[in-house]
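To keep things clear, I will list the structure first and then write my remarks on it.
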Amino acid sequence: MAAMTAPILHTRGLSRSFGGVRAVDDVDFQLEEGEIRAIIGPNGAGKTTFVSLICGRIASDAGEVSLEGQDISRLPAHKRVRLGLGYTFQITSIFPNLTLLENVALAVQSQARSSSILNLSSRRLNDGAHEALARVGLGERSGELAGNLAYGHQRLLEVAMGIALKPRVLILDEPTQGLSESETLGFITLIRQIAERTTILLIEHNMDVVMALAERITVMDQGRILAEGTPAAIRANTDVQRAYLGEQP
Ligand SMILES: Nc1ncnc2c1ncn2[C@@H]1O[C@H](COP(=O)(O)OP(=O)(O)OP(=O)(O)O)[C@@H](O)[C@H]1O
């Protein structure tokens, strides 16, 4: 089916196996600019592997990834970040002995390394880091050590690291995992705010979060896309109910 505009991100035939397991199997996927998309699916469906292939954190066996029409399949992860692909992953990547500000500045700097485009002065670097921290509600705490933050706030810090480079597409892998109910509600509000400027691709197990945020849902199962559609359509899809909704973790 033809889309109204070219997708901001798309994959074609994307595949990756581990031994005999086809973790991601020939996946064609399109993400439209400005949307909030959730990827759901049972444990082991291939969700994390799929977004890792998009980000370049792991190499694909076959297939293509394009961002804004540009084939980025052969680029290393840091170059994809520079082109506008931001992400935060389940595994925490913060440095506990650095301040919040230093963590965000470091995230920006590590991507800017050896890039003439991003030859940032330390003041601009700090301003950008401060802005990102303020957007996630941690602006007042920028001088504190990251290791002293409660778990939920560490997740927010990771989001600040993800948005500091002002990505065009932000990928979040299970961002609400381990958050309290009230932190999760705050997170939903934050994602809505970020989505005003950024296209969001979200792996999420919490169906309340998915239903509150996603405009469209992609369901993965056994390395493939099982279904795609609006929350209402996905809820009504019997294949999905069998594969996933009926057996929530
Ligand atoms: N580094 C790896 N080495 C070997 N097998 C892997 C590796 N990473 C993923 N797999 C396998 O690939 C399949 C897909 O895993 P993946 O983590 O992408 O699924 P997922 O949908 O993100 O699962 P979850 O919801 O539990 O995070 C699983 O069978 C998993 O065991």
Side-chain angles (χ1 to χ4, degrees), residues 1-69 71-73 80 85 87 89-90 168-177 191 195 199-249:
M1 207 167 34
M4 298 277 287
T5 52
I8 191 162
L9 181 83
H10 80 251
T11 73
R12 233 182 257 121
L14 202 59
S15 303
R16 170 73 200 226
S17 296
F18 296 105
V21 178
R22 287 170 173 249
V24 173
D25 188 7
D26 198 18
V27 172
D28 294 344
F29 172 83
Q30 301 204 341
L31 186 66
E32 306 305 324
E33 180 162 12
E35 71 172 314
I36 302 179
R37 177 80 62 93
I39 301 184
I40 67 171
N43 291 329
K47 305 177 298 292
T48 296
T49 305
F50 178 59
V51 296
S52 299
L53 294 173
I54 291 174
C55 297
R57 291 171 82 233
I58 60 173
S60 61
D61 297 331
E64 281 170 25
V65 182
S66 296
L67 181 68
E68 299 190 283
D71 185 349
I72 58 168
S73 316
R80 299 186 198 197
L85 205 51
Y87 53 85
F89 275 90
Q90 278 163 307
R168 303 271 294 131
V169 176
L170 179 64
I171 297 177
L172 300 156
D173 189 356
E174 298 199 32
T176 66
Q177 197 185 38
I191 296 302
T199 305
I200 305 272
L201 180 58
L202 173 79
I203 296 179
E204 183 57 65
H205 277 293
N206 182 331
M207 289 308 293
D208 292 339
V209 175
V210 171
M211 294 301 171
L213 279 176
E215 284 143 5
R216 287 169 64 77
I217 297 172
T218 298
V219 186
M220 287 190 74
D221 188 30
Q222 299 181 30
R224 292 180 156 257
I225 293 179
L226 176 70
E228 212 160 60
T230 61
I234 292 300
R235 220 196 281 260
N237 184 312
T238 47
D239 288 342
V240 175
Q241 286 165 6
R242 241 193 323 271
Y244 184 71
L245 295 174
E247 46 167 17
Q248 278 195 50

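As a basis for the values below, the full set of heavy atoms in this structure was taken, side chains included, without hydrogen atoms, waters or symmetry mates.
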May I ask you to decide if [Y]'s main-chain N or O and [X]'s side chain share a donor-acceptor pair within less than 3.5 Å?
X	Y	value
R16	F50	no
D61	S17	yes
R235	T230	no
S15	G13	yes

Measure the shortest side-chain to side-chain distance between [X] and [Y] over non-hydrogen atoms and say whether it is less than 4.5 angstrom.
X	Y	result
I234	V210	no
L85	I72	yes
V65	L9	yes
I40	M207	yes
T49	F18	yes
R57	V51	no
E33	R168	yes

Using the salt bridge (charged side-chain N to carboxylate O under 4.0 Å, His left out) rule, pick out the option among E228, E32, E215, E204 that qualifies with R37.
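Considering E228, E32, E215, E204, a salt bridge (charged side-chain N to carboxylate O under 4.0 Å, His left out) with R37 is found only for E228.
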